[in-house]
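To start, the structure under review is shown below, and the notes come after it.
It should be emphasised that the depicted structure is a prediction, and the values quoted were computed from it without experimental measurement.
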Amino acid sequence: MRLCERSTIRRFMTYNFNEIEKKWQDFWAKSQTFKAKNDSEKPKYYVLDMFPYPSGAGLHVGHPLGYIASDIYSRYKRHKGFNVLHPQGYDSFGLPAEQYAIQTGQHPALTTEENIKTYRRQLDQIGFSFDWSREVRTSDPSYYKWTQWIFIQLFDSWYNNTSNKAESIDTLISIFASEGNANVDAVCDDHIESFSASEWAAFSSEKKQEILLKYRLTYLAETEVNWCPALGTVLANDEIVNGVSERGGHMVVRKKMTQWSMRISAYAERLLHGLNDIDWTESLKESQRNWIGKSIGAQVEFKVQNSEFKIPVFTTRPDTIFGVSFMTLAPEHDLVENIVTDAQKLEVEAYIKTTAKRSERDRMSDVKTITGVFTGAYAEHPFSKEPIPIWIGDYVLAGYGTGAVMSVPCGDQRDYDFAKHFNIPIPNIFEGIDISEEAYASKDNVVISNSDFLNGLSYKEATKKAISELEKLGQGEGKINYRLRDAVFSRQRYWGEPFPVYYVDGLPQMIDKQYLPIRLPEVEKYLPTETGEPPLGRADVWAWDTQKGEVVKNENIDNETVFPLELNTMPGWAGSSWYFFRYMDAQNDEVFAGEEALEYWKDVDLYIGGSEHATGHLLYSRFWVKFMKDRGFVSIEEPFKKLINQGMILGTSALVYRVVANSESEETERVYTDFFVSRKYSELILSDSEVAKKLKQRIRDYYIIEKNNENFSKPFTIEISPLHVKVDYVNPSDELNIDDLKNDKEFGKDFRDAIFIGENGHVIEGDNDTYKVGHEVEKMSKSKYNVVNPDAICEQYGADSLRMYEMFLGPLEQAKPWNTAGISGVNGFLKKLWKLYMGDNGLKVTEVEPTAESLKTLHKTIKKVEEDIESFSFNTSVSTFMIAVNELTAQKCASKEILEPLLILLSPYAPHIAEELWNQLGHDESISTAPFPIFDAKHLVESTKKYPISFNGKVKFTLELPMDMTKEDIEKEVMTHEKTLAQLEGRTPKKVIVVPGKIVNIVG
RNA sequence: GCUCAAGUGGCGGAAUUGGUAGACGCGCUGGAUUCAAAAUCCAGUUCUUCGGAGUGCGGGUUCGAUUCCCGCCUUGAGUACCA
């Protein structure tokens, strides 16, 4: 079957990329070339991109970098005979659409839809081989139906430490019914009362629900959250950067609120352990390890003297227990008010007040200031029974460990500084170590002394011994602590997944699966209500009718059969934590993905995306997948086998140099003049040069004579103020298009009176001189005016050039600057390639036998390109192609045997031109599944080698010798050569190193 | 502070079981073609006092180091009173 009309040759005599690319994009769409089947004889391969949030600004050239890399890999795998799943979709719930809705009143669904259209058009024009039939959108009810379903499953589960997995809540209920909770080892809230089977049976239904909530994997609890007043919502820990919100940089405060939380802490150990089995970069794994923050140590209980109170502390150094000279509690610690003595009460209260006033941010940024106060109370050392003063200090965090520390000043720098500051003794328990200047925090070379039964032991031995002795006393045990906290899952926003939850007597109830999805209600405004409820509080139709099984008007709420619905929505990471499963079976209406599809595709073989998701999305996804495995919904433990972070593409900003006049009179005045100097002068005029003097005179003349501005008659100095201008107005030679700049809608008026002084020092009028801009490499962003739009690049150079150039810029994982000027290189390469196949009279390729030289070129290209793709070194492949085309052109190669396989090699990188030439060569079907050429080493065999002959390691000349020459013969040949004799000038070399096939080195 | 990356021409970068540093491309210079421009083609392009020197700096191992080892410096990213 002929799938595509062969092009009329005449039209394509020259490389017309716009026409070619449009043609093949249409062809791929029409023939569904990249549609993946869920059953196939071929082995599966799943390549995934982190799906984008469709923002209103559209794509810039930095966004598709990862998509191009994954597309090359996908196309390569198809050539290699794999059934490839390469889908794309949109993470379409999120703050920007909602903020826009708040400002304009436009429904976020509408703006999201529009933005997606732009994204789709931009993605299509780059020629990606996505299977769009599997597209997902997290904001689509048919998708979030299953996000809600997973939430219900989490609610219906608890974590059993004994079986080390999540189980249905029913198993917990039956344990309670048969034996109470005494023997249950679960990950749950602290301080759960213990009860027997008969007590459980006697509990009211409400009481049972309250207890179960403390065990569920998603639970409702009053927690201290990060509240962001400006955004009107809570934020997760990973959404806060340097104490302010990641989005917008707004202030964040601590606040107690009733919120849904995810018991991710149950999975801390498995999340940590699983990192060993996946192929991610070490730095990414390291971030996750730090975030999970496992510390091994002991929990130790200190009795408070003259009271029944006990202070539990967590320490990683139980071996230093005899070095304790004081204890420190966090100011927020519950015990503080109970133990403080009357004498110290006022001072302690005052201190707590001042620390509470300090925001989280102040406390974080101000690490140097040591503050604290003595409580007046003493604890008792578990072994020596000596009294230990109890202090409070804000260097101890309420949220970590137990909120209290046993302070060992000789072994911890913070304790040391605190002790020095308050004149607390610093006992030394390390043999032969000087602690007069600072604490000795290392665990190496430790010999414990002054420590009773621990004397003479190393860190390891002492730790073991101390724990076992504490256990004997009943005052401690070995313990592992994690930094990872449970994740808050409620957001006070509109544009997110609604919870499938209604409330009976204040207790949450799940809506039955058959009624999902629970769709977002309509609201008048997207702001919180006047009473501070989330935006869903504005909905009129937001109540659950348990009889009808539908959402009804709020006025029907009777708390008998109709109940209020949850007003919070889910956070951004809800939908992205499982989307990779949905792609496997995107249309399924019965389950989140069918069993067969899940079994076939299993996991993501290659995942490419940005490193900013290191501790958010990538951790939550792993958590959900482990949970889903525990409950038998999926069979995999880790979702992403191999992961690569693409580096950021930086923008090259364009700068113009405005001249600033500083008056030299007493009241220094800064005047931004209308003069702009070209790049060359931006540095020259800073010195007290002739140029500067001339320019000063010119400015003086202009303002005094033409503008009648007498201020410039006073003496002044000049300096330069760089100013960003849009890179669109700069050509590849850095020349500024002044007319376009002056006509710019946004800031053209700022330049209306501008006087530009060109590279040759002339005031620019017409084309008498050119103005060159300066550069700065920085993040690509709208505010820096350095955003390069891929639409313009595709228009001017074509998608194939864009794809190849993005790869050519440098290693995938490194950050690198974009410079549009460089694209002419790959564009020129594609033109040259085209000419290799097409001449003035049409197709040049013939059945002629290839030369040995051409075969060598082809096969070394096959080898290199294959190695490069396998190791994700796409940048070096592009050079390899350039070299191959340069060589084949020089060889005047026209042989189909060479040029046909070359197209397959190139097709993952430049699919449009490859398809077109493939078609011209007489193929009726797409190149996309043509088998990858097979490398044959026999074409690379050489008979001679040009030996570099070096003297003391420096190469002086080369000598061509047969490959099969022996070491002895090579030495003889080299040593008698006239150039060797000339180099030696009669000296006798000490030594001659001959490495056959590599090098000869003469020493002496 | 800690952790992880990375430092090579004017620029992006290439080369590591240790073996001709600067591939490929941009830019630049000169030339051809053209009425001219664009496009295309050809030649050159690390520095140099023409001896040499040279991969952030200082040492070391080696016949030989961008590559391995030790000690520094710089830049970037992440993280941070985590007991």
Can you tell me if Ser295(A) and Thr316(A) form a side-chain donor-acceptor pair at under 3.5 Å? no
Does U20(B) have its OP1 or OP2 closer than 4.0 Å to a side-chain nitrogen or oxygen of Tyr947(A)? no
When the nearest nucleotide of RNA chain B is assigned to Pro817(A) and to Ser879(A) on a heavy-atom basis, which residue is associated with the more 5' position? Pro817(A)
Atom CD1 of Ile1002(A) to atom C1' of G64(B): distance rounded to whole Å? 13 Å
With a 3.5 angstrom cut-off on both distances, give the Watson-Crick or G-U wobble partner of C35(B), or none if there isn't one. none
On a heavy-atom basis, which atom in Gln796(A) and which in Phe17(A) lie closest, and how many Å separate them? O-CZ, 3.1 Å
Identify whether any heavy atom of Asp415(A) sits under 4.0 Å from a base atom; if not, whether one sits that close to sugar-phosphate; answer base, sugar-phosphate or nothing. nothing
Does NZ or CZ of Arg622(A) fall inside the cone over Trp280(A)'s six-membered ring, less than 6.0 Å from its centre and within 45° of the axis? yes
Suppose we define a pair by two distances each less than 3.5 Å, Watson-Crick or G-U wobble; what does G64(B) pair with here? none
For Ser824(A), which contact category applies under a 4.0 Å heavy-atom criterion: base, sugar-phosphate, or nothing? sugar-phosphate
Does Asn481(A) reach a base, just sugar-phosphate, or nothing at all? Heavy atoms under 4.0 Å. nothing
Could you check whether Lys831(A) gets within reach of a base, just the sugar-phosphate, or nothing at all, counting any heavy atom under 4.0 Å? sugar-phosphate
